[in-house]
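Heads up: the structure comes next, in structure tokens.
Just so we're on the same page: letters track the sequence lines, and every chain starts at 1. These figures come from a predicted structure and were not determined experimentally.
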Amino acid sequence: MSKKLTKREEDYSKWYNELVVKADLAENSSVRGCMVIKPYGYAIWEKMQNQLDQMFKDTGHQNAYFPLFVPKSLFEAEEKNAEGFAKECAIVTHYRLKNDIKNPGKLIVDEKAKLEEELIVRPTSEAVIWNTYKKWIQSYRDLPILINQWANVVRWEMRTRLFLRTAEFLWQEGHTAHETKKEAINEAILINDLYADFAEKHMGIPVIKGLKSDSEKFAGAEETYCIEALMQDGKSLQAGTSHFLGQNFAKAFDVKFASKDGNLDYVWATSWGVSTRLMGALVMTHSDDNGLVLPPKLAPIQVVIIPIYKSIEEFNAVQTYIEPIIDKLKSKEISFLFDKRDTYKPGFKFNEHEMKGVPIRIVAGPKDIENSSLEIFRRDKMEKELINFDDVFSKIDFLITDIQNNLFEKAQSFTNSNIRNAYTYEEFKDLIKNKGGFVSAHWDGTVETEEKIKKETKATIRCIPIDKVKEKGSCIYSKKPSKQRVLFAKAY
RNA sequence: CGGGAUGUAGCGCAGUUCGGUAGCGCACACGGCUGGGGGCCGUGGGGUCGCAGGUUCAAAUCCUGUCAUCCCGACCA
């Protein structure tokens with residue numbers, strides 16, 4: 001297993017190349033750790049955006065946009081949050097350049113243009129948003145506020161990794177304000193469930209819903225709900241988080257409202273987000289040795305049609321032959337590409353679209369015209385089949401749902417077969433080291449134990465599963481009593 | 001910031017031990033044959049060998065410095 005998985009890990013970068021390239025803008029410059037998203041990759045992101053956005057709207061949320069820059073004084077208002085992000089901030093200190101007299105044609109920072117107060121490039125927007133909410137909220141009648149923002153954020157990580165941890169990334173961040181604690185907790189859970197649904201039903205990525213332990217919690221949160229997904233190499237990836245923020249930000253930004261019974265109360269808050277990291281999850285979950293594999297719901301091209309011909313006459317005949325298919329694909333809003341490029345051979349096109357993960361391929365040539373047939377190919381199973389021309393649409397409809405389901409089920413059974421119980425610490429270490437995947441084990445609930453296990457095995461508590469049946473036991477490390485099993489894994 | 005490795009054509013690499021005219025594969029351009037799985041043959045274009053300094057008649061190769069990248073730690077969506 002491990003050999004194959006090592007190969008997979010190397011392959012990730014190859015798969016990414018269809019979607020994204022490392023930003024390589026200037027020599028010696030620190031734009032490193034950023035990525036350029038290619039059109040094909042961005043098309044996937046747009047699909048994810050649209051589908052998620054619809055889910056947010058269906059649950060009563062609205063979009064808005066807040067500034068990129070956070071004045072330092074706002075940033076430091078919520079102490080824990082500020083502390084959590086302090087070590088990875090990009091900071092704007094000046095607002096003007098001038099010509100360098102010693103070095104004609106070059107520019108230098110104009111020291112006279114130093115900002116009175118530094119601006120932080122947002123690593124997350126709680127500070128800016130709560131400073132704004134303060135002005136928007138007076139009464140319980142103004143609540144709840146359910147706002148989402150699609151934006152870029154910057155986190156100056158020491159080590160970056162394409163898709164999974166780039167210095168700048170795209171995401172959506174939701175920020176809500178509520179009248180009661182219960183309502184805010186419900187919102188955080190609602191969104192975590194929504195993320196899980198999106199991951200499983202749209203991306204075909206099985207996830208485990210859970211709560212983060214104290215040390216893995218978002219800086220400034222009371223509770224962090226999360227979804228964790230297992231990648232093909234046995235490492236876990238945090239795919240999305242939804243935080244119950246309590247009244248921490250309301251207190252930090254002094255956001256009070258007049259309640260129904262006339263009291264002045266602090267509001268209750270949540271925040272939640274998923275990022276372009278999800279695209280990394282998509283790649284690492286489904287791709288195989290032939291390249292990307294995309295679920296039909298997110299594939300920029302769902303069906304590719306490749307004509308086979310030797311002469312212009314033959315091409316024209318093939319084009320006429322498949323015209324009804326193209327018309328119907330259009331009317332059914334199935335995204336397709338009729339790849340009529342004459343500059344590439346059919347075999348090249350087959351491979352290219354396989355590498356790009358196009359779910360369905362249709363091939364039509366002179367033989368098909370003669371037999372009124374078509375060749376249809378499904379990317380997930382790499383199987384081709386000769387079908388009657390008239391059956392093409394029932395087949396496409398079938399494949400679109402079947403590929404979507406098959407990808408999920410395949411990933412689901414992989415995940416399930418890689419969740420193992422550990423009963424002793426020895427067994428635990430062995431599983432983490434030699435098998436990977438999730439290890440379900442009892443934990444005494446203390447940060448100290450978690451830290452020690454992390455130091456000794458590199459495994460962290462990915463989550464305290466929500467859906468799991470509670471079972472009492474004793475901690476594998478300290479032997480102290482434990483209320484339930486938690487999931488450990490090595491993580492990205 | 002600690003430990004390890006690497007920088008040579010757009011990409012992937014050889015050449016460095018032992019100094020002597022800059023190479024290969026892919027990609028690119030042109031011509032022809034091809035066309036139901038990355039096809040074949042021929043021709044051609046493209047490189048301040050990461051950067052700076054030093055040693056030498058002569059440096060991709062040796063020495064010093066420096067910058068960057070990747071991997072492993074600390075950090076993290």
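- With rounding to whole Å, A/Asn351 atom CG is found 15 Å from B/G35 atom C1'.
- Here the side chain of A/Ile308 is nearest to one of B/G37, B/G38, B/G36, namely B/G36.
- Atom pair A/Asp339:CG and B/G37:P shows a separation of 15 Å (rounding to whole Å applied).
- Looking at A/Tyr40, its side chain does come within 3.5 Å of a backbone N or O of A/Lys356 through a donor-acceptor pair.
- Between A/Tyr133 and A/Trp130, the ring-plane angle classifies as perpendicular under the 30° and 60° cut-offs.
- The base-pairing partner of B/G31, taking Watson-Crick or G-U wobble contacts with both distances under 3.5 Å, is B/C41.
- Residue A/Asp233 contributes atom CG, which lies 14 Å from atom P of B/C71 at whole-angstrom precision.
- Remark: the separation of the P atoms in B/C11 and B/U48 is 13 Å, to the nearest Å.
- A gap of 30 Å separates the C1' atoms of B/C71 and B/A59, to the nearest Å.
- Seen from the ring of A/Tyr492, A/Lys235 counts as a face-on cation partner, given the 6.0 Å and 45° thresholds.
- The side chain of A/Asp342 sits closest to B/G35 out of B/G35, B/G36, B/G38.
- With B/G37, B/G73, B/G39 as the choices, the nucleotide that has an atom nearest any side-chain atom of A/Lys345 turns out to be B/G39.
- B/G73 atom P lies 16 Å from atom CD of A/Glu456, rounded to whole Å.
- In this structure, CZ of A/Phe348 is placed 13 Å from P of B/C40, rounded to the nearest angstrom.
- B/U16 and B/C62 have their C1' atoms separated by 10 Å, given to the nearest Å.
- As rounded to the nearest Å, B/G39 and B/G2 have P atoms that lie 48 Å from one another.
- With B/G37, B/C28, B/G36 as the candidates, the nucleotide lying closest to the side chain of A/Tyr344 is B/C28.
- Summarising the base pairing, B/G19 is matched to no nucleotide, lacking a Watson-Crick or G-U wobble pair whose two defining distances lie under 3.5 Å.
- Between A/Trp272 and A/Tyr195, the ring planes are perpendicular. Angles over 60° get that label, and only those under 30° would be called parallel.
- Residue-level contact check: A/Lys458 touches the backbone only, with heavy atoms under 4.0 Å from sugar-phosphate atoms and none from bases.
- A donor and an acceptor atom, one from each side chain of A/Ser125 and A/Gln149, are located under 3.5 Å apart.
- Here A/Tyr195 lies out of heavy-atom contact (under 4.0 Å) with every strand.
- To the nearest angstrom, P of B/C71 lies 10 Å from NZ of A/Lys235.
- In the model, A/Asn351 has no side-chain atom that pairs as donor or acceptor with a side-chain atom of A/Tyr344 under 3.5 Å.
- When only modelled atom types and interatomic distance are considered, A/Tyr477 and A/Glu456 share a side-chain donor-acceptor pair under 3.5 Å.
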Find every protein N or O atom lying less than 3.5 Å from an N or O atom of nucleotides 75-77 of chain B, and list the pairs.
| unit_1 | atom_1 | unit_2 | atom_2 | d |
| --- | --- | --- | --- | --- |
| B/C75 | O2 | A/Glu157 | OE1 | 3.3 |
| B/C76 | O2' | A/Glu157 | OE2 | 3.1 |
| B/C76 | O2 | A/Arg165 | NE | 2.1 |
| B/C76 | O2 | A/Arg165 | NH2 | 3.3 |
| B/C76 | N3 | A/Arg165 | NH2 | 3.3 |
| B/A77 | O3' | A/Gln238 | OE1 | 3.3 |
| B/A77 | O3' | A/Gln238 | NE2 | 2.2 |
| B/A77 | O3' | A/Arg277 | NH1 | 3.3 |
| B/A77 | O2' | A/Gln238 | O | 3.4 |
| B/A77 | O2' | A/Arg277 | NE | 3.4 |
| B/A77 | O2' | A/Arg277 | NH1 | 2.9 |
| B/A77 | N6 | A/Thr166 | O | 2.7 |
| B/A77 | N3 | A/Ser275 | OG | 3.2 |

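- Rounded to a whole Å, the CD atom of A/Glu18 is 13 Å from the C1' atom of B/G38.
- A/Glu354 contributes a side-chain N or O that forms a donor-acceptor pair with the base of B/G37 under 3.5 Å.
- For A/Gln172 and A/His61, the side-chain atoms include no donor-acceptor pair closer than 3.5 Å.
- Base pairing annotation: B/G25 forms a Watson-Crick or G-U wobble pair with B/C11, both donor-acceptor distances under 3.5 Å.
- Residue-to-nucleotide contacts include no donor-acceptor pair under 3.5 Å from the side chain of A/Lys310 to the base of B/G35.
- Using a 3.5 Å distance cut-off with no hydrogens or angles, the side chains of A/Asp430 and A/Tyr425 do not pair a donor with an acceptor.
- Across the protein-nucleic acid pair, A/Leu386 atom CG and B/G37 atom P stand 14 Å apart, rounded to whole Å.
- Exactly one of A/Phe218, A/Trp268, A/Phe249, A/Tyr225 qualifies for a ring-ring contact (aromatic ring centres under 6.0 Å, His included) with A/His243. That residue is A/Phe218.
- Residue contacts shown for A/Gly365 include a base, since a base heavy atom lies under 4.0 Å away.
- Separation of the P atoms belonging to B/G3 and B/U66 is 14 Å when rounded to the nearest angstrom.
- Between the P atoms of B/G53 and B/C28, the separation comes to 38 Å (whole Å).
- Separating the P atom of B/G73 from that of B/A29 is a span of 43 Å, rounded to the nearest Å.
- Of the two residues contacting RNA chain B, namely A/Lys455 and A/Tyr309, the nearest-nucleotide position lying further toward the 5' end is that of A/Tyr309.
- Checking B/C70 for Watson-Crick or G-U wobble geometry (two distances, each under 3.5 Å) identifies B/G4 as its partner.
- Among the nucleotides B/G36, B/G37, B/G73, the one closest to any side-chain atom of A/Pro366 is B/G36.
- For A/Lys349 against B/G35, a side-chain-to-base donor-acceptor contact under 3.5 Å is absent.
- Only the C1' atoms considered, B/U55 is 12 Å distant from B/G19, to the nearest whole Å.
- Across all strands shown, B/A52 pairs with B/U64; the Watson-Crick or G-U wobble distances both stay below 3.5 Å.
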